[in-house]
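Note sheet for the following structure.
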Amino acid sequence: MDASRGIGTFGVWDYVVFAAMLVISAVIGIYYAFAGNSQHTSKDFLMGGRSMNAVPVALSLTASFMSAITVLGTPTEVYRFGVIYSIFGITFLLVVVISAEVFLPVFYRLGITSTYEYLELRFNKCIRLCGTIFYIVQTVLYTGIVIYAPALALNQVTGLHLWGAVVATGVVCTFYCTLGGLKAVVWTDVFQVGIMIAGFLSVFIRASVAQGGVNTILNDAYKGGRLNFWNFDPNPLQRHTFWTIIIGGTFTWTSIYGVNQSQVQRYIACKSRFQAKLSLYVNLVGLWIILVLSVLCGLALYSRYHDCDPWTDKKVSAPDQLMPYLVLDILQDYPGLPGLFVACAYSGTLSTVSSSINALAAVTVEDLVKPNFRCLSERCLSWISQGISVLFGVLCIGMAALASLMGGLLQAAISIFGIVGGPLLGLFALGILIPFSNAAGAFTGLLSGFAISLWVGIGAQLYPPPPERTMPLSLETYGCNSTRNGSNWMTTTEIPFSTSAFQVNNVERTPLMDNWYSLSYLYFSTLGTLITLFVGMLVSLPTGGRKQNIDCRFLLTKEDILFKFDIFKKKKHVLSYKSHTVEDGGTDNPTFNHIELNLTDQSGKINGTHL
């Protein structure tokens with residue numbers, strides 16, 4: 001590369017590649033809206049008719065988990081803090097095993113559309129409503145960040161209008177969610193995983209060639225102290241150590257995989273329990289591939305700029321822009337490839353936002369509309385589901401405006417999941433694992449867990465931990481000369497890394513700030529889950545928890561654990577999809593009518609849970 005030449009710009013072919021990705025996503029939505037006329041009922045729209053296979057669902061789980069925050073945030077994380085982030089590979093394994101073996105059997109057996117229906121069956125309506133509201137708030141906040149992240153990067157790279165990009169994302173997602181329902185979401189995700197892997201590969205392969213091979217990249221990383229795989233410091237205040245990632249990460253991501261509606265809705269849509277479990281294990285491979293690729297891109301990023309950090313040198317205004325900066329630096333001679341990378345970041349966003357919108361619609365219809373308007377026909381509910389998809393699409397675009405005030409994107413996103421997801425995970429664990437827990441214990445536990453994790457979370461936003469807790473590695477600028485990159489790539493939207501618009505500056509640090517508020521952000525979820533469990537058990541015991549008679553279908557049973565040795569009898573667990581009339585069976589929860597698991601007596605009422 002000629003040293004006097006600046007970084008590249010976004011050309012016509014880049015826009016063509018990027019637009020093609022958006023158009024193909026929209027076309028999949030149109031296809032599923034009109035193919036086979038399969039959206040007659042709200043169940044078809046929200047659950048894909050419960051006929052999905054394991055592999056597309058697995059890829060869909062991977063795609064929505066890997067948002068643009070992963071594409072832009074993980075390489076930057078490795079660039080600044082080293083490869084200790086790759087320990088998440090072990091965390092993903094633990095999370096998938098817990099989700100598949102503890103939560104999936106119970107949810108699949110009950111055949112529910114909204115995971116929060118479980119809370120009503122196990123506890124009562126009030127707990128279900130609390131769970132639903134918590135989920136809606138968490139998801140809308142998170143989705144705002146996910147829409148804003150790539151729009152910001154795209155704005156830096158291409159000069160494309162920031163809010164134009166935000167609105168375009170929201171509109172395309174809302175369009176194919178509203179038309180195509182869950183099937184469109186799953187199949188667009190499959191396409192988008194392909195785009196994400198292609199984007200990462202193009203960056204890493206080109207960077208390897210430009211730097212003179214993978215060995216050079218690893219040598220630079222070694223010299224720069226980036227190959228810091230092992231840090232066994234047990235201190236919970238250190239941002240990333242082996243223990244914070246294994247323990248804190250497992251709690252945080254289990255709250256996403258095990259009980260979060262966006263993910264559960266997809267694996268419950270599989271046609272058999274075996275397929276549902278398989279989808280989670282296949283998805284694990286996808287997670288590992290994307291983790292490895294994003295870590296390698298982070299090392300390539302460091303190798304390229306180890307002697308001239310664009311962030312310190314004011315070439316970019318925020319670390320999250322380093323990846324797009326690298327792309328325009330090394331791929332400028334390859335028309336269309338910068339567009340492929342931006343499409344890669346955007347694919348992550350579209351898949352996450354679309355699954356969020358679809359899940360929000362499912363939760364709203366099942367938990368808020370159906371219980372209060374029982375006279376609505378299925379066709380009418382299907383229309384309402386579509387209307388609610390549009391409404392949430394608009395709301396998420398609005399939340400992106402708030403996201404523009406948050407600090408570092410990867411951390412902000414995980415913090416939101418920790419603060420709200422932790423107590424919710426605790427609530428479901430109380431129901432599934434603790435037979436004597438009751439509604440009073442669940443309610444008190446949920447509020448206690450949420451109050452404490454919110455306190456720590458807000459404290460950490462206002463008074464970020466000092467650098468000795470976050471341990472960023474050194475970034476050098478000695479190799480910078482004024483000719484290396486001619487263009488000065490500053491922007492009006494400045495986001496310093498660990499700060500937010502809400503940060504309190506110039507205040508004397510107290511022991512509370514240095515200890516309590518400096519807790520690793522990965523432990524927010526652990527804290528919320530454990531406090532919810534502990535308080536829930538303490539309150540349940542004296543309030544009659546031992547005396548209640550709980551149907552064993554709502555608990556994790558010995559049969560669930562032994563099920564994996566019973567794969568050859570899996571035909572029993574295939575969901576029969578006979579054409580029941582909606583009124584048939586007289587159950588409170590129409591979902592149960594579509595299941596052939598002998599859970600109901602002849603009249604179709606659910607034993608002991610007709611609420």
Side-chain angles (χ1 to χ4, degrees), residues 29-52 57 107-118 120-121 125 128-129 132 136 174-187 261-262 264-271 354-355 357-393 574-597 599-600 603-606 609-611:
I30 297 169
Y31 172 78
Y32 278 104
F34 299 110
N37 287 327
S38 60
Q39 308 290 335
H40 287 319
T41 65
S42 62
K43 182 153 275 64
D44 286 333
F45 180 77
L46 298 171
M47 302 295 292
R50 290 187 182 264
S51 58
M52 306 297 292
V57 170
F107 292 147
Y108 199 89
R109 176 169 58 229
L110 295 173
I112 47 192
T113 300
S114 153
T115 43
Y116 305 99
E117 284 173 60
Y118 170 80
E120 181 176 345
L121 295 169
K125 268 200 170 117
R128 172 178 181 174
L129 194 64
T132 304
I136 290 174
T174 309
F175 175 77
Y176 72 73
C177 277
T178 306
L179 278 179
L182 186 80
K183 281 192 173 171
V185 172
V186 169
W187 284 105
Q261 175 70 22
S262 314
V264 174
Q265 184 176 343
R266 251 131 354 137
Y267 57 66
I268 290 183
C270 288
K271 56 188 174 189
S354 60
S355 56
I357 291 174
N358 192 258
L360 286 164
V363 165
T364 311
V365 168
E366 290 292 327
D367 296 342
L368 303 178
V369 177
K370 270 189 185 176
N372 299 318
F373 303 95
R374 290 173 182 265
C375 53
L376 294 172
S377 70
E378 274 295 320
R379 173 44 70 100
C380 186
L381 280 171
S382 184
W383 282 106
I384 290 172
S385 303
Q386 294 181 326
I388 289 171
S389 293
V390 173
L391 183 73
F392 276 119
V574 175
L575 294 168
S576 73
Y577 210 77
K578 295 169 187 147
S579 54
H580 294 270
T581 57
V582 179
E583 297 74 26
D584 158 51
T587 58
D588 267 350
N589 180 346
T591 325
F592 289 99
N593 298 339
H594 300 290
I595 298 209
E596 189 198 43
L597 293 182
L599 300 182
T600 54
S603 71
K605 286 186 177 154
I606 306 162
T609 60
H610 195 71
L611 296 155

Of all residues at least two apart in sequence or in a different chain, which pass the ring-ring contact (aromatic ring centres under 6.0 Å, His included) check with F392?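 Applying ring-ring contact (aromatic ring centres under 6.0 Å, His included) to F392 gives none.
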
Listed by chain and number, what are the side chain to side chain contact (heavy atoms under 4.5 Å, CB included) partners of L391, not counting sequence neighbours?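 For L391, no residue satisfies side chain to side chain contact (heavy atoms under 4.5 Å, CB included) once neighbours in sequence are set aside.
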
Non-neighbouring partners of T132 that pass side chain to side chain contact (heavy atoms under 4.5 Å, CB included), sequence neighbours left out: Y116, R128, I136, V363, D367, L368

Side chains of [X] and [Y] in contact at under 4.5 Å (non-hydrogen atoms):
X	Y	answer
F373	L381	no
K183	V186	no
V369	I388	yes
K125	L129	no

Using every non-hydrogen atom in the two residues, find where [X] and [Y] come nearest and quote the distance to one decimal.
X	Y	answer
A362	Q261	CB-NE2, 3.9 Å
E366	S114	CB-CB, 3.7 Å
Y176	V185	CE1-CA, 4.4 Å
T174	V390	CG2-CA, 3.4 Å

Whether Y108 side chain and C270 backbone form a donor-acceptor pair below 3.5 Å: yes

All side-chain hydrogen bond (donor to acceptor under 3.5 Å, both in side chains) counterparts of T364, not counting sequence neighbours: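 For T364 there are no side-chain hydrogen bond (donor to acceptor under 3.5 Å, both in side chains) partners, ignoring immediate neighbours.
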
Can you name the side-chain hydrogen bond (donor to acceptor under 3.5 Å, both in side chains) partners of S355, sequence neighbours left out? none

Could you measure the distance from the [atom1] atom of [X] to the [atom2] atom of [Y]? Nearest 0.5 Å is fine.
X	Y	atom1	atom2	answer
F175	I357	CZ	CD1	13.0 Å
F107	E117	CZ	CD	10.5 Å
S262	N358	OG	CG	9.0 Å

